[in-house]
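Heads up, the thing below is written out as structure tokens.
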Amino acid sequence: VVDQIRLWQLENERMQTTAGFLFKDFESTEEYAALSRYAEEIGVLVWKNDKRQLFFASKHEQLRDYLKSRKKGE
Amino acid sequence: MPRAIRGVLIQCEPAIKSIIVHLDSVNNDIIIEDLDEQTLVVKENMVQLLKQKLEDRLKETYRPEEPLADSD
């Protein structure tokens with residue numbers, strides 16, 4: 001049992017998991033920059049890579065709404 | 001419009017990540033996107049299986065001389 005617990009701890013320290021959504025295939029750098037900035041502002045941004053224009057967010061509803069309103073404003 | 005793909009972000013050591021990549025190479029049914037050397041996105045329904053397989057792999061790595069214990 002002790003071994004089991006040790007293994008479990010080891011794995012938890014070594015691996016962190018977060019459920020959410022991967023955002024990709026942006027139409028432009030501006031679109032990526034605006035949405036990733038907004039995700040950060042509302043506290044749902046978990047991980048991002050500016051070079052590859054990809055980010056991971058824990059929620060997507062507000063981001064979807066933000067994109068829609070951005071489109072309307074164009 | 002960008003795409004939002006549902007999944008689970010895994011942040012881990014490169015050694016753990018390489019095990020996951022290896023496990024995925026069998027059926028290509030685990031990884032959604034390989035992000036960098038310590039980060040990837042996997043299918044939500046594969047996380048439990050993945051943890052189980054990683055645990056098995058870690059057991060093998062840390063105690064290679066011990067035979068598999070009988071379930072009692």
Side-chain angles (χ1 to χ4, degrees), chain A residues 1-39 44-74, chain B residues 1-25 28-72:
Chain A
V1 178
V2 175
D3 276 349
Q4 287 283 336
I5 293 168
R6 203 178 296 141
L7 270 170
W8 183 78
Q9 283 174 337
L10 193 72
E11 191 201 300
N12 270 290
E13 282 163 19
R14 289 177 156 208
M15 190 167 109
Q16 206 187 331
T17 59
T18 314
F21 300 84
L22 176 71
F23 284 79
K24 61 185 283 191
D25 300 341
F26 289 91
E27 280 168 21
S28 63
T29 307
E30 290 72 32
E31 191 182 61
Y32 165 76
L35 197 64
S36 61
R37 197 186 316 119
Y38 182 67
V44 300
L45 185 71
V46 183
W47 179 95
K48 73 179 168 107
N49 183 327
D50 291 337
K51 212 167 154 191
R52 288 180 63 188
Q53 300 196 358
L54 288 168
F55 72 83
F56 193 88
S58 55
K59 287 184 179 133
H60 80 292
E61 293 86 356
Q62 278 170 278
L63 298 181
R64 191 190 52 207
D65 294 344
Y66 176 80
L67 263 184
K68 277 183 191 162
S69 64
R70 209 178 118 84
K71 287 277 166 199
K72 269 183 202 162
E74 273 172 10
Chain B
M1 286 281 265
R3 291 198 288 152
I5 306 159
R6 183 188 288 272
V8 173
L9 184 79
I10 293 185
Q11 293 165 292
C12 58
E13 296 176 3
I16 300 286
K17 198 211 136 182
S18 68
I19 296 175
I20 298 173
V21 170
H22 182 75
L23 289 171
D24 178 70
S25 68
N28 293 117
D29 57 353
I30 300 171
I31 299 174
I32 292 173
E33 189 92 29
D34 192 336
L35 298 174
D36 65 30
E37 61 181 10
Q38 308 194 45
T39 322
L40 37 78
V41 178
V42 303
K43 291 180 186 167
E44 210 169 21
N45 61 349
M46 298 303 274
V47 173
Q48 271 316 109
L49 182 72
L50 193 58
K51 283 189 175 175
Q52 185 57 52
K53 287 197 169 185
L54 270 175
E55 200 165 295
D56 293 347
R57 188 62 72 94
L58 289 171
K59 271 183 207 165
E60 281 171 28
T61 312
Y62 289 101
R63 297 181 303 164
E65 76 285 4
E66 285 192 29
L68 288 173
D70 290 324
S71 53
D72 47 23

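So you know, we letter chains A, B, ... as the sequences are listed, proteins then strands, and number each from 1.
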Rounded to the nearest 0.5 Å, what's the gap from [atom1] on [X] to [atom2] on [Y]? Could you check?
| X | Y | atom1 | atom2 | value |
| --- | --- | --- | --- | --- |
| A:N49 | B:D36 | CG | CG | 7.0 Å |
| A:F56 | B:L35 | CZ | CG | 9.0 Å |
| B:R3 | A:D25 | CZ | CG | 4.5 Å |

Item checked: Min side-chain heavy-atom separation A:E31-B:P2 under 4.5 Å -> yes
Applying a strict 4.5 Å limit to non-hydrogen atoms, the region of B:I10 in contact with chain A is both
Counting heavy-atom pairs under 4.5 Å with chain A, the top scorer among B:I32, B:L9, B:I5 is B:L9
Greatest number of non-hydrogen atom pairs under 4.5 angstrom with chain A, of B:R6, B:E33, B:E44, B:Q38, falls to B:R6
Any donor-acceptor N/O pair, B:Q11 side chain to A:Q16 backbone, under 3.5 Å
no
Assert top hit (heavy-atom pairs under 4.5 Å, partner chain B, pool A:K24, A:R52, A:Q53) equals A:K24
Honestly, the part of A:L67 sitting under 4.5 Å from a heavy atom of chain B is side chain
Minimal heavy-atom distance between A:M15 and B:L54, with the atoms involved, is SD-CD1, 3.2 Å
